[in-house]
2 protein chains.
Amino acid sequence: MGRWQPNARGRLEQAALDLFGERGFEQTTAAQIAERAGLTERTFFRHYGDKREVLFSGARELEEAFVTTLADTPETAAPMEAMASALETIAAFFLDSHEFARRRHAVITANAELRERELIKLASLAAALAATLRRRGVKDPAASLAAEAGMAVFKIGFERWVGGTGERTLADHLRESLAELRAITAGA
Amino acid sequence: MGRWQPNARGRLEQAALDLFGERGFEQTTAAQIAERAGLTERTFFRHYGDKREVLFSGARELEEAFVTTLADTPETAAPMEAMASALETIAAFFLDSHEFARRRHAVITANAELRERELIKLASLAAALAATLRRRGVKDPAASLAAEAGMAVFKIGFERWVGGTGERTLADHLRESLAELRAITAGA
DNA sequence: GAATCGATGTCAGTTGCTGACATCAACCGT
DNA sequence: ACGGTTGATGTCAGCAACTGACATCGATTC
């Protein structure tokens, strides 16, 4: 048996989500989160660069998976075809997490600072996707725009999925949003 | 003559942009900005909700102008036609401000917290535009997607304009980005 | 079994930000 | 002309986010 309880990060993230849900993000101090997890405030800040980051540990994995998937699509696919394929694959990661995503999303949308953090994670993801497209030979501004368009589809589709009952899958919502974007931009 | 020097906000914004440029955002304290403007830290926080906000006073006006312009396009225009027209009009606001925009953008891109703030301003703008489109009878998710697509075009076009020499106008870059988005999303 | 390591704890300090209250020129009504 | 009100600012005390320096002590390594 180790000197400390295992899975410190997991305990911190669970405690944070619970406390933010109970009394709100601003009304919760880092010391309170740490205390509920059986740790100290200083340890909290060793695991997370700031108080908000405790809700975004999954972002790195999502970005990696997204980039890998996009990079693995056939070179022959047009930029938005590749994005569509990547979106399809990524949606599978969220198949069993509707309830968790719902709780987390409720906390985030209730606070402006957390929305800011969410947006910069999406922007970072868009930048990584644009770089991947460029590596596939797509020129700018096409690469950046395809990445931003993909993020717009992901954002809107995700919001509608998380705001729904969970009966329709995320992949479903993403396909619908992409089709809608195509219809809208189809003008002369 | 008043009891105080006039244009406190203007002095604070100028001092902030200068100091952030000289020594960086994090290395500048709110008290230092206030001091250079001949005011106190407390007064700084009366004018701006937080330290970052001093760089974003123009966002409200931009959003208002954007929304007004979009609302004033003929009801017959399709969503992206209306967005394109609004982008065109908004570009005129930036005709003589390339140098200022360049300095400000350099400061913002150099700091993650400032990039976060910029992103949430754009998100707020997108939400306002989506609401305006809905008021024109556009359904969701089309309204949200058109707004997000418009913001993507604005973002990419603005970045390319601000990173250029200023010879090509912002309107120019926006038209190019929009055309590129249309080309990309035109797939089956 | 000694040396090292790594996750955690302790403590003191800086900065962002806020509430409560004071000041005093300008303005307003009589 | 004069008393009251207003509004932008100043002063001060305090909390919470975050950081650097150093200590602790099981576990691991040689």
Asks: Can B:R104 be said to sit on top of B:F56's aromatic six-ring, NZ or CZ under 6.0 Å from centre and within 45° of the ring axis?
Replies: yes
Asks: For A:S177 and A:I156, work out which heavy atoms get closest and say how close.
Replies: OG-CG2, 4.0 Å
Asks: Is any NZ, NE, NH1 or NH2 atom of the basic residue among A:K121 and A:E53 found under 4.0 Å from an Asp or Glu carboxylate oxygen of the other?
Replies: yes
Asks: Do we see a donor-acceptor contact under 3.5 Å between the side chains of B:R136 and B:T73?
Replies: yes
Asks: Under a 3.5 Å distance rule, please check whether A:K155 uses its side chain to pair with a backbone N or O of A:G150 as donor and acceptor.
Replies: no
Asks: Figure out the NZ/P separation between B:K51 and D:dC18, and round it to whole Å.
Replies: 13 Å
Asks: How would you summarise protein contacts on nucleotides 3-14 of chain C per nucleotide, using B for base, S for sugar-phosphate only and - for none, with heavy-atom distances below 4.0 Å?
Replies: ---BBBBBB---
Asks: Could you tell me how far apart B:Y48 (OH) and C:dT18 (P) are, to the nearest whole angstrom?
Replies: 15 Å
Asks: In whole angstrom, give the distance that lies between atom CZ of B:F44 and atom C1' of C:dT18.
Replies: 14 Å
Asks: Indicate yes or no: does A:R117 engage B:E113 in a salt bridge with an N to O separation below 4.0 Å.
Replies: no
Asks: Report the distance from atom CD1 of A:I33 to atom C1' of D:dA17, rounded to the nearest whole Å.
Replies: 11 Å
Asks: Find the distance B:Q32:CD to C:dC17:C1' and express it as a whole number of Å.
Replies: 16 Å
Asks: Mind calculating the distance between CZ (B:F45) and P (C:dG19) to the nearest angstrom?
Replies: 13 Å
Asks: Does a donor on one side chain and an acceptor on the other come within less than 3.5 Å for A:R23 and A:Q32?
Replies: yes
Asks: B:R42: what forms a side chain to side chain donor-acceptor pair (under 3.5 Å) with it, not counting sequence neighbours?
Replies: none
Asks: Provide, to the nearest angstrom, the distance between the CG atom belonging to B:L19 and the P atom belonging to C:dT15.
Replies: 14 Å
Asks: Distance check needed: D:dA17 P versus B:D50 CG, whole Å only.
Replies: 15 Å
Asks: Is it the case that atom CD in B:E35 sees more than 12 heavy atoms from other parts of the structure closer than 6.0 Å?
Replies: no
Asks: Pairs counted as Watson-Crick or G-U wobble with both distances under 3.5 Å: what dot-bracket string results for DNA chain C, using | for bases tied to another strand?
Replies: ||||||||||||||||||||||||||||||
